[in-house]
Amino acid sequence: METAEFTAAAEQYQDMVYRIALSHLGNSQDAEDAVQEVFIKLYRQDIPPVGDSLRYWLIRVTVNHCRDLLRSPWRKRRVSMAELAVEQTEPVFDREEQRELFCAVMALPEKYRTVLYLFYYEELSVQETAEVLKLSRSAVTTRLARARAKLKERLEVWQDE
């Protein structure tokens, strides 16, 4: 990949890659490392993707890299995403409702958290989300519906408390 193309892609997409990595890994240090690894993979591509396919490629590679990191044996201390969300949210949100929503989303299983993030935050369509995650359109629709239901349950429990 040419240096100028790489620099332009990194400037345009590094925030998106960081947000995806942070939503999967739960802490900024691991997310920053993941961003570096993803962009190293992009730089080493013989024939790099362009346009929208570059965005989808970066999303798919970031999600896969984060999954690999979470499964790797060197991660000695296993902490639930809910615990990480609580640790990470205090300085970020000024309202309690925002913190609760973030914690509820982070407490969802990864497969639901990912589709919610791509659909609502990255504003990918159901079809685009399916292509990025290599799922069928109906699988994405089902996961979105289940994620919304689980999120609603969690938020109602927290409101009752």
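All heavy atoms count here, side chains included; hydrogens, waters and symmetry mates do not.
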Please determine whether the number of non-hydrogen atoms from other residues, nucleotides or ligands lying under 6.0 Å from atom CZ of Arg146 exceeds 12.
no
Is the count of non-hydrogen atoms from other residues, nucleotides or ligands lying under 6.0 Å from Lys41 atom NZ greater than 12?
yes
Can you name the closest pair of heavy atoms from [X] and [Y] and give their distance?
X	Y	value
Ala34	Leu25	CB-CD1, 3.9 Å
Tyr43	Phe6	CD1-CG, 3.5 Å
Ala9	Leu54	CB-CD2, 3.8 Å
Arg154	Ala104	CD-O, 3.8 Å
Arg113	Ser23	NE-O, 3.3 Å

Pairwise distance [atom1]([X]) to [atom2]([Y]) - rounded to 0.5 angstrom:
X	Y	atom1	atom2	answer
Leu70	Asp30	CG	CG	8.5 Å
Asp68	Asn64	CG	CG	6.5 Å
Leu135	Lys111	CG	NZ	10.0 Å
Leu124	Thr129	CG	OG1	4.5 Å
Arg60	Arg55	CZ	CZ	13.5 Å

Is the closest side-chain heavy-atom distance between [X] and [Y] below 4.5 Å?
X	Y	answer
Glu122	Arg19	yes
Val140	Phe119	no
Tyr112	Arg148	no
Ile59	Met16	yes
Arg143	Leu116	no
Leu42	Trp57	yes

For Arg67, salt bridge (Lys or Arg N to Asp or Glu O under 4.0 Å) partners two or more places apart:
Glu110
I'd like to know if the side chain of Gln127 pairs up with that of Glu131 as donor and acceptor (distance under 3.5 Å, no hydrogens or angles considered).
yes
If you measure only the distance, is there a donor-acceptor pair under 3.5 Å linking the side chains of Tyr18 and Glu32?
no
Could you work out, with side chain to side chain contact (heavy atoms under 4.5 Å, CB included) as the rule, every residue matching Glu123, not counting sequence neighbours?
none
Side chain to side chain contact (heavy atoms under 4.5 Å, CB included) with Thr114: which of Leu108, Ile20, Val132, Leu133?
Leu133
Between Glu128 and Ser125, is there a donor-acceptor pair closer than 3.5 Å when you use the side chain of the first and the backbone of the second?
yes
